[in-house]
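Hydrogens, waters and symmetry mates are skipped; everything else that's a heavy atom, side chains included, is used.
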Amino acid sequence: MKEQTLKYLSRSGFSLLELSIVLTIIAVVIAGSLTAGAAKIKQNQIRSTYEEMEVINEALVAYIKENHRLPCPAPMTAVSGNALFGQESENVAGCTDTSAAAGTWRMSAPSGGFVRIGAVPVYELGLSEEFIGDSWNGRYLYMVDQDFIATTICNDVLNSNGNIEVRDGNNNLMMQNVAYS
């Protein structure tokens with residue numbers, strides 16, 4: 001009887017080898033699930049960012065139709081709660097001068113003229129604060145040909161050519177002669 005009890009006790013549990021195999025299988029299944037979940041999250045972030053950029057573009061087109069010009073960029077450095085956050089960085093006359101407002105940049109365009117660079121002026125466009133940045137918490141960069149800011153110069157923004165060239169990470173030309181990007 002004592003031998004039967006010892007045999008039973010020695011076979012009643014898992015061996016370390018069996019346990020390690022089961023734990024390895026569980027780890028592989030969990031790792032696969034996490035990888036698939038991370039890919040799905042990235043896809044959702046990309047889709048959400050493209051959708052937000054479409055809304056911003058539609059708001060810019062509506063702004064152009066109403067004001068016959070493009071808005072100045074908002075300061076990149078302004079934080080939520082600041083008076084300049086999401087607002088045009090300057091009045092129109094100041095935005096078309098030769099200096100750049102605080103938190104924005106002014107640079108020469110490849111085909112001539114000047115480009116103003118800053119954040120999307122979401123409040124000027126009637127958008128909520130969430131449209132200031134992408135799904136990775138980076139601010140959207142808004143560039144506008146300086147000639148398209150003043151109403152006296154720009155009567156038909158939507159049918160005009162600007163001085164901005166858009167290139168991808170490999171320096172391939174994607175768009176040219178655009179008024180804003």
Side-chain angles (χ1 to χ4, degrees), residues 38 41-151 153-154 156-181:
I41 289 170
K42 186 175 181 178
Q43 276 182 329
N44 287 342
Q45 287 175 315
I46 291 169
R47 181 183 43 75
S48 174
T49 298
Y50 278 120
E51 289 172 359
E52 286 178 355
M53 290 188 325
E54 281 297 317
V55 170
I56 291 168
N57 188 56
E58 289 171 11
L60 281 164
V61 169
Y63 186 92
I64 291 167
K65 288 179 180 178
E66 183 176 328
N67 298 288
H68 304 287
R69 68 176 187 88
L70 284 161
C72 292
M76 290 292 287
T77 54
V79 294
S80 182
N82 182 302
L84 295 176
F85 182 79
Q87 300 287 348
E88 283 186 281
S89 58
E90 308 178 48
N91 60 29
V92 176
C95 195
T96 57
D97 71 11
T98 57
S99 64
T104 66
W105 299 272
R106 179 179 183 269
M107 62 182 277
S108 297
S111 56
F114 291 95
V115 175
R116 297 298 284 239
I117 305 168
V120 175
V122 290
Y123 294 141
E124 287 297 318
L125 300 175
L127 299 173
S128 67
E129 193 173 293
E130 69 186 47
F131 287 94
I132 201 85
D134 60 23
S135 297
W136 295 271
N137 297 320
R139 294 236 174 134
Y140 288 117
L141 191 64
Y142 168 63
M143 299 184 299
V144 59
D145 186 325
Q146 192 163 312
D147 291 342
F148 291 87
I149 296 169
T151 54
I153 298 172
C154 181
D156 190 6
V157 178
L158 294 173
N159 295 318
S160 300
N161 289 331
N163 292 312
I164 299 174
E165 289 181 354
V166 179
R167 297 181 176 269
D168 65 14
N170 295 321
N171 203 29
N172 297 317
L173 185 65
M174 297 175 64
M175 292 186 291
Q176 64 183 11
N177 300 327
V178 294
Y180 68 93
S181 173

Nearest heavy atoms of [X] and [Y], plus distance in Å:
{"X": "Val144", "Y": "Pro71", "answer": "CG1-O, 4.0 Å"}
{"X": "Phe131", "Y": "Tyr140", "answer": "O-CD1, 3.3 Å"}
{"X": "Met76", "Y": "Ala119", "answer": "SD-N, 3.3 Å"}
{"X": "Pro121", "Y": "Tyr142", "answer": "CD-CD2, 3.8 Å"}

Could you measure the distance from the [atom1] atom of [X] to the [atom2] atom of [Y]? Nearest 0.5 Å is fine.
{"X": "Glu124", "Y": "Asn67", "atom1": "CD", "atom2": "CG", "value": "8.5 Å"}
{"X": "Leu125", "Y": "Leu60", "atom1": "CG", "atom2": "CG", "value": "5.0 Å"}
{"X": "Asn44", "Y": "Glu51", "atom1": "CG", "atom2": "CD", "value": "9.5 Å"}
{"X": "Arg47", "Y": "Glu52", "atom1": "CZ", "atom2": "CD", "value": "10.5 Å"}

Query raised in the report: Do the side-chain N and O atoms of Tyr123 and Glu88 include a donor-acceptor pair separated by under 3.5 angstrom?
Result: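 Glu88 and Tyr123 do not have a side-chain donor-acceptor pair below 3.5 Å.
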
Query raised in the report: So, Arg69 and Tyr63: side-chain donor and acceptor under 3.5 Å apart, yes or no?
Result: yes

Query raised in the report: Listed by chain and number, what are the salt bridge (charged side-chain N to carboxylate O under 4.0 Å, His left out) partners of Arg139, not counting sequence neighbours?
Result: none

**Report entry** Asp134 side chain reached by Tyr50 side chain, heavy atoms, under 4.5 Å
**Finding:** no

**Report entry** Positive for side chain to side chain contact (heavy atoms under 4.5 Å, CB included) with Ile132, one of Ile56, Leu127, Val122, Asn137
**Finding:**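 Of Ile56, Leu127, Val122, Asn137, side chain to side chain contact (heavy atoms under 4.5 Å, CB included) with Ile132 is met by Val122 alone.
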
